[in-house]
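Remarks on the structure that follows.
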There are 2 protein chains.
Amino acid sequence: MQSDSLESGTPGTSPTPPSRREKNKAATRQAITDAALALLRSKGAGNFTVEDIADSAGISRRTFFNYFGSTDAALASMTYGFLDSALQQFRRRPSREPILESARAALLELADPMTVAPLAELFTLIQQNPQLSRSELEAWDHCTEQIITAARERFAAAPGAVIDELYLRALAGSVISCGKAAMDVWFARGGADMSPASLSVLRQLLIDAIGHLGSGFDGHALSESTPLEDRH
Amino acid sequence: MQSDSLESGTPGTSPTPPSRREKNKAATRQAITDAALALLRSKGAGNFTVEDIADSAGISRRTFFNYFGSTDAALASMTYGFLDSALQQFRRRPSREPILESARAALLELADPMTVAPLAELFTLIQQNPQLSRSELEAWDHCTEQIITAARERFAAAPGAVIDELYLRALAGSVISCGKAAMDVWFARGGADMSPASLSVLRQLLIDAIGHLGSGFDGHALSESTPLEDRH
DNA sequence: GTGCAAAATTGCACATAGTGTAAGAAAATG
DNA sequence: CATTTTCTTACACTATGTGCAATTTTGCAC
């Protein structure tokens with residue numbers, strides 16, 4: 001679909017230039033997720049089958065299952081990619097940086113237009129259908145595990161130190177929970193609004209959530225009167 | 001199985017004495033979960049069918065589906081009950097108590113022998129099988145939503161105050177994450193050890209996790225040397 | 001291009017999941 | 001006992017997910 005320069009896609013970024021096979025697979029994968037999202041949009045959750053997706057993507061039912069284990073998994077793959085961008089950002093942060101600061105920077109990646117755009121509609125469609133949300137939960141959980149691993153590796157850089165697994169897991173889970181909370185609130189407010197103003201709101205929500213986490217949630221649940229931004 | 005005193009089970013606790021129908025349904029439900037757990041233990045995850053469970057529980061396959069939507073759901077129902085005990089404890093706390101203190105008290109309920117015992121083995125069996133964990137995640141997520149609702153009701157008691165949804169959701173998610181982290185670490189260490197010493201460890205893990213949360217995770221990931229309790 | 005090996009797609013068969021429906025069994029009601 | 005309500009069951013049917021072998025496509029050497 002895009003400009004298919006033969007083999008040198010972006011030399012230097014990846015050690016393995018994408019072969020034709022890999023590009024075909026990526027295209028098929030994309031066709032599947034596109035078809036699944038289109039069907040979710042047009043027919044609603046639970047009102048289409050794997051065969052529908054396969055037909056729409058121009059492949060056989062069997063091939064669909066070579067790529068994804070279920071309809072949910074196909075849709076959740078978008079969320080995986082979405083969260084993976086935050087994880088990569090986390091890994092990119094310097095090791096000596098306070099970990100909550102790294103988490104804040106990583107979560108802000110979720111407010112990137114290119115990152116959140118493919119997810120926005122999916123989220124709105126999913127939040128109305130609890131059935132679909134199972135695989136989504138799995139995606140968030142998977143990201144939590146990845147954060148735990150990344151954080152463990154970071155702390156392991158300090159030689160001879162004993163890593164507190166409880167601290168790691170509680171922290172990673174809380175960070176992800178804050179990201180999820182910010183996304184939920186954002187979607188609940190304005191839906192999938194991709195305008196710069198809306199994305200700015202999302203960024204602020206992510207920052208505020210991490211702020212609450214960093215301050216130990218010391219009682220800001222109520223605000224007697226909200227002088228600024230009481231449009232809610 | 002147990003002593004079936006006719007109708008007066010525990011007068012005063014429930015306004016509706018359990019009729020014969022309700023007791024039969026409860027017994028069937030229990031038989032299903034028992035059978036599912038037994039099969040999980042003996043055959044391993046993914047190596048038995050709904051029909052196996054139904055046969056083992058002495059019911060038809062169709063009746064199984066009248067009670068649970070899937071094998072996973074049957075097993076996850078135990079986790080639902082487990083987490084529900086913590087939720088009830090949270091609701092029982094006084095409204096003016098600091099919310100993290102309420103959370104701490106609620107999570108400590110998870111270390112109650114009567115509460116955690118039915119879950120212990122399930123957790124160990126589940127952690128080895130990522131397939132089963134989807135419904136478990138759903139159970140934790142469901143509990144998070146319940147906590148959000150309970151906390152919202154608590155704060156709504158203050159008249160005229162505007163509730164910060166982000167604070168609520170981030171807090172509830174983090175609290176649950178801390179509970180989950182403590183459980184994970186506990187199981188990873190000693191498995192399903194129900195001894196008083198082990199349960200004491202679990203209690204301390206839960207307290208420490210909430211402690212981390214309350215102090216904003218201000219850097220206790222490493223400990224240069226652990227003078228006490230370095231048996232890990 | 002030709003030929004060959006590796007890999008992907010596909011069709012087919014099959015076991016299992018999950019659901020609608022109607023008949024039958026059990027329990028509550030009078 | 002008769003009736004009504006609720007639960008269980010059998011049956012039929014669609015859909016999911018997987019193993020397997022045939023077929024097609026791609027990569028690579030010549």
Side-chain angles (χ1 to χ4, degrees), chain A residues 4 6-9 16-33 35-36 39-40 43-77 129-132 134-135 138, chain B residues 4-9 15-33 35-36 39-40 43-77 129-132 134-135 138:
Chain A
D4 281 358
L6 277 205
E7 282 180 355
S8 58
T16 308
S19 68
R20 182 159 187 176
R21 276 218 170 95
E22 295 176 46
K23 283 167 71 175
N24 280 347
K25 290 191 72 167
T28 299
R29 208 179 156 82
Q30 187 69 37
I32 291 175
T33 54
L39 283 167
L40 177 64
K43 295 193 171 182
N47 300 120
F48 58 95
T49 70
V50 169
E51 197 156 13
D52 293 333
I53 301 176
D55 289 347
S56 178
I59 57 172
S60 72
R61 195 180 75 97
R62 190 60 182 84
T63 299
F64 172 91
F65 284 112
N66 285 344
Y67 281 84
F68 298 103
S70 65
T71 301
D72 291 11
L75 291 168
S77 72
N129 300 282
Q131 158 66 16
L132 268 178
R134 294 186 192 177
S135 292
E138 205 176 355
Chain B
D4 281 358
S5 57
L6 277 205
E7 282 179 356
S8 59
T16 308
S19 67
R20 183 159 185 176
R21 278 220 168 95
E22 295 176 46
K23 283 169 68 176
N24 280 347
K25 289 191 72 168
T28 299
R29 207 179 157 83
Q30 188 67 38
I32 290 174
T33 55
L39 283 167
L40 177 64
K43 295 193 172 182
N47 300 121
F48 58 96
T49 71
V50 170
E51 195 157 14
D52 294 333
I53 302 176
D55 289 348
S56 178
I59 58 172
S60 72
R61 195 179 76 96
R62 190 62 182 83
T63 299
F64 172 91
F65 284 112
N66 286 344
Y67 282 84
F68 298 103
S70 66
T71 302
D72 291 10
L75 291 168
S77 71
N129 300 282
Q131 159 64 17
L132 267 179
R134 293 186 193 178
S135 293
E138 204 176 354

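Protein chains get the first letters and strands the later ones, always in sequence-line order, with residue 1 at the start of each. Because only heavy atoms are used, hydrogens play no part in the values below, and waters and symmetry mates are left out as well, while side chains stay in.
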Can you pull every protein N or O that's under 3.5 Å from an N or O on nucleotides 18-21 of chain C?
{"unit_1": "C:dG18", "atom_1": "OP2", "unit_2": "B:Gly69", "atom_2": "O", "d": "3.2"}
{"unit_1": "C:dG18", "atom_1": "O5'", "unit_2": "B:Gly69", "atom_2": "O", "d": "3.4"}
{"unit_1": "C:dG18", "atom_1": "N7", "unit_2": "B:Arg61", "atom_2": "NH1", "d": "3.1"}
{"unit_1": "C:dG18", "atom_1": "N7", "unit_2": "B:Arg61", "atom_2": "NH2", "d": "3.1"}
{"unit_1": "C:dG18", "atom_1": "O6", "unit_2": "B:Arg61", "atom_2": "NH2", "d": "2.9"}
{"unit_1": "C:dG20", "atom_1": "N7", "unit_2": "B:Arg62", "atom_2": "NH2", "d": "3.2"}
{"unit_1": "C:dG20", "atom_1": "O6", "unit_2": "B:Arg62", "atom_2": "NE", "d": "2.9"}

What integer distance in Å separates [X]:[atom1] from [N]:[atom2]?
{"X": "B:Glu51", "N": "D:dT9", "atom1": "CD", "atom2": "P", "result": "13 Å"}
{"X": "A:Ile32", "N": "C:dT9", "atom1": "CD1", "atom2": "C1'", "result": "11 Å"}
{"X": "A:Lys23", "N": "C:dA8", "atom1": "NZ", "atom2": "P", "result": "16 Å"}

_Five pairs per end, C1' atoms only: what is the angle between the end axes of the helix from C:dG1-D:dC30 to C:dG30-D:dC1, to 10 degrees?_
20°
Distance below 4.0 Å between [X] side-chain N/O and [N] OP1 or OP2:
{"X": "B:Arg20", "N": "C:dA27", "result": "yes"}
{"X": "B:Thr49", "N": "C:dT16", "result": "no"}
{"X": "A:Ser60", "N": "C:dT9", "result": "no"}
{"X": "A:Asn24", "N": "D:dT25", "result": "no"}
{"X": "B:Tyr67", "N": "D:dT8", "result": "yes"}

*Which pair of heavy atoms, one from B:Leu75 and one from B:Ala36, lies closest together, and at what distance?*
CD2-CB, 3.8 Å
*5'-most contact on DNA chain D: B:Arg21 or B:Asn66, nearest heavy atom basis?*
B:Arg21
_Looking at A:Thr49, is its backbone amide N or carbonyl O close enough to the side chain of A:Asp52 to form a donor-acceptor pair, meaning the two atoms are under 3.5 Å apart?_
yes
